[in-house]
Structure formats: structure tokens, C-alpha cells
Amino acid sequence: MKVLFATSEAYPFAMSGGLADVSGALPKALRRRMVGCRIVMPLYSCVPDDLRAKMNFITSVTVPVSWRRQYCGIFEAHLNGVIYYLLDNQYYFKREGLYGHYDDAERFAFFSRAVLEILPHLDYKPDIIHCNDWQTAMVPVYLNLFYRHDPLYSGIKTVFTIHNIEYQGKYGHELTGDVLGLSDQQESLISYDGCVNLMKGGIQCADRVTTVSPTYAKEILTEYYSHGLDRILKPLSDKLCGIVNGIDYEVYDPSSDPAIFAPFSSADLSGKAVNKEKLQDMLGLPRREVPLIGIVSRLVSHKGFDLVKCVFEDMLKADLQVVILGSGQWEFETFFYQMAQQYPEKVALRLGFLPDLAHKIYAGADLFLMPSKSEPCGLSQMVALRYGTIPIVRQTGGLNDTIRDSGDGQGNGFTFENYNAHDMLHAVWRAIGGYSDQAGWNILVQRAMACDNSWNRSAGAYIRLYKSLLS
Ligand code: GLC
């Protein structure tokens, strides 16, 4: 079985969020189980030089983007036993950042088309193309419309994974012909609610649709979570399923993580205390034996920051410290900035996407707050568990599938159900109460660290899915 994993970002070449972690780890886990899996992604200018040095030029092809004919260089790199194809076109990808350009639709239409155009030139003929999010949603559409007649393509199956249904790739109808290269008759495939919707096209044309947790798979069939797509998903729900992500146990390993201050394991937690002290020093928080709550997140509403903002000062009445790392909406950045100014002994803020500091927070904090309004899977809560940092989460999406309240003496975190600031506050109080009983807390930390969220389990579920498609 041969899988080609098409993605707009993958660790360590280019990353902006959880999709990069998944793209970096799942193919590796599949390979370990003897399933062929290679990755195809754009060659952005942010790909670091040491990784560029590993790339070899294979050939170049011409890719149609509607009436345009665009150059596409194919580079190959071998990393951790996985083969990556990086597709080069400097006009589209030699830009600042990964997304957010005025012509993103054209850039990823090019990429989606290129994924199919390069196949005759590779020494790898995939049985399955696994696409991810709106950026690759046009692959199944183009495959069905323009390539099926060719024997090289006729048997290929497609899987489309939704990592976040909020980002659908919505554009005006004027793009249909001029950019996407579809005729008026073909437009219905990508037309939805009065505009062009690339994700809708992917959902409709792929053989299977997956999302990144079983709870989210149910949630996106409802209006509250689907951002309008429940009406297309419901009739197709037979081909939809949820498979929870794992995390890369080599990248996130407290016993060998080079980014943290001191290694530790569940057998010897002394290093965790060192990590906390050094983190407090680094952030200018006084070194005190109070619970330290970590937040590592994009600072946007759907991550639950409305709730945090609403009761933050109530929270600070307790003896605790909070460290926030992230960037996002101005409203939340300025709010946390003010709080850090006003309560320097309790609140530390660092703005940005800083993986190194993120690891230090996972290792040094006692608690990890993630009150998301919606969370397709969420990786941070699993990383926190691995570093013995107890998550406080809202029961939604993947948070619901990976974190269980410890109130019953079995769970690995603290949870609340409704999207309500005082319900969240109550969960924080319960966590702080738990922390004050150190013996009980240590048992909870042990239980958290014993959870298995490695890719092993989930890779098995993907393999079953692929097999079912090919049988
Ligand atoms: C998106 C989702 C996140 C998920 C990640 C990887 O970033 O918001 O919940 O963990 O994709 O699937």
C-alpha cells in the first residue's frame, strides 16, 4: 500500500500549527508499520538552509492553473526514513509566511494541481492520496474531473482530512474559471452558500472524509460547530469518521528534550521541579511553591479566551501564577499585556510562536489551561500530559476524547462542559484544590504521564481506513 500525504505544512520544513505536527509524525508512524507514505508540500522560502541542503532536484513540470502554464520544480528530501517532495514555484511560494496572501486560492489551486501533475515523474505510484484541509481540497476535485481517464490515475483513492472546519477556502465565483479552471457545469462541485468553497469540493469528491477526533466528527454535523458545512456533511456522514491525532513521542520526550532545563521521567520527577524554578526565573516570576498555570495557544476567541478574559482577575485572587505564550487577536494580546503589567508577580506574557519556550512551559508548569470553544483535536493537552502537566479543558472535540476529569479518581485532568466563564473558573478552583494535596497530586501526575497518546494507536486506525478503501 502506498500513500501520498498532501499537505500545506509539515514539521520540520514549514509550520504554523498542529497540521505541521500531524504531517511530520503520521507518515513516520505509518512507515514504522511498513506502510509506504511520502509527503508532498510546497517549497516555501521559510524552509531552513540545513533542510534545503538535504534536497535533490528531480525534474520540473508544467502545471496548468486555468489558462496559465506554471513552472513546478520537484525536489526530494529524505528525513527520518520518510521521503518528502517539495514543490517549487518562487512566484507562488517565495513569500513571507505560509498563508494570508491575496492570491491564496491561486497558490493552492496550483499546488493541488501540481500534486497530480508530478505523479508520472515520480518513482512512486500512490494507491491513496491523503489530502488535508482546504489548501489541498482541490486534489480530489481535479482528480475526478481531469485525470480519471488515464490508467495511472484511474484507481487512485482519496482521503480528505478536516483539521479545522472553520477555514474552508471561501472565495467569490469569479475565481471558478479564471483561477480554478472549472467550467460553469463543473462549478456546482465547489459552489456552496453563494460562493466558491474549496473544502466543500474536497468533502464531496473524496472517497473518505475524516476529521481529527471522534467527538469533533459528531460536532461538525451540527450547526453550532460546522461553520455552515453540516448541510453538506450530514447526507455524506457514511463516509465521515473521526480519528484522534497522536503526538510525536520523539519530539516531545521529557527524558531527552534538548529545549527543557532538566530531563525528567515519571520514575524521577525531580527534574520537573527544576524546570519550574528555572522557568519562573526566566519569566521574572518569583520562585514560589504556588501552582503555575501554563497557556500556549493562538490568542483567538475560539480557543476560549473570552472566558479567560472574563474571569481572569477573579482567578488571580488565588495564590497562583500564570504564563501565557502566543499571539493573535489584538483584544487578547493587549488584555494579557495589561494583566502582566498590573500583576508582575503573578502573570508573565510572551507574544509570538516560540517552540523552544513552549517546551519549557509544558515541562515547567503544573497545570495547562485550554478552555476552547471548539477544538478539532488539540495537541497541546497531550503534550502537557506527557510532561506531567495537568490539563484543564472544556469537553469539546479532541479535548473530550483525550482528557477525563479526575473527580472520579481515574482521570487525567479537570474538565467543564458548558462554554461558560464561571464553569471554567470552577474547574480551575478544583485543580488548585487538588494541587494543595501533594500526595494526591503526584498520583495524578503519574496517571497523566502514563497515558499513551503516541501515534502508534492512531496510525493503526488510518491503516484500517486505507485498507477498507482498497479492498
Ligand atoms: C488544527 C486544529 C487542532 C488539531 C490540529 C491537527 O490546528 O485546530 O485542534 O489538533 O489541526 O489536526
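When a ligand or atom number is given, it counts from 1 through the structure's own listing order. Predicted model, so just to flag it, every value in this text is computed and none were measured.
The ring pair (Phe, Tyr, Trp, His ring centres under 6.0 Å) test applied to Tyr225 returns no partner, not counting sequence neighbours. For Ser112, the side-chain contact (heavy atoms from CB on, under 4.5 Å) partners two or more places apart in sequence, or in a different chain, are Met138, Val139, Tyr142. Residues satisfying the salt bridge (Lys or Arg N to Asp or Glu O under 4.0 Å) test with Asp423, not counting sequence neighbours, are none.
With contacts defined as side-chain heavy-atom distances shorter than 4.5 Å, the pair Ser372/His302 does not qualify.
Under the 4.0 Å criterion applied to side-chain N and carboxylate O atoms, Asp248 and Arg386 are not assigned as salt-bridge partners.
Residues Tyr171 and Glu106 bring no donor and acceptor atom of their side chains to less than 3.5 Å of each other.
The contact shell of ligand 1, taken as protein residues with any non-hydrogen atom closer than 4.0 angstrom, comprises Gly18, Leu19, Val22, His163, Asn164, Val212, Asn245, Glu375, Pro376, Cys377, Gly378, Leu379.
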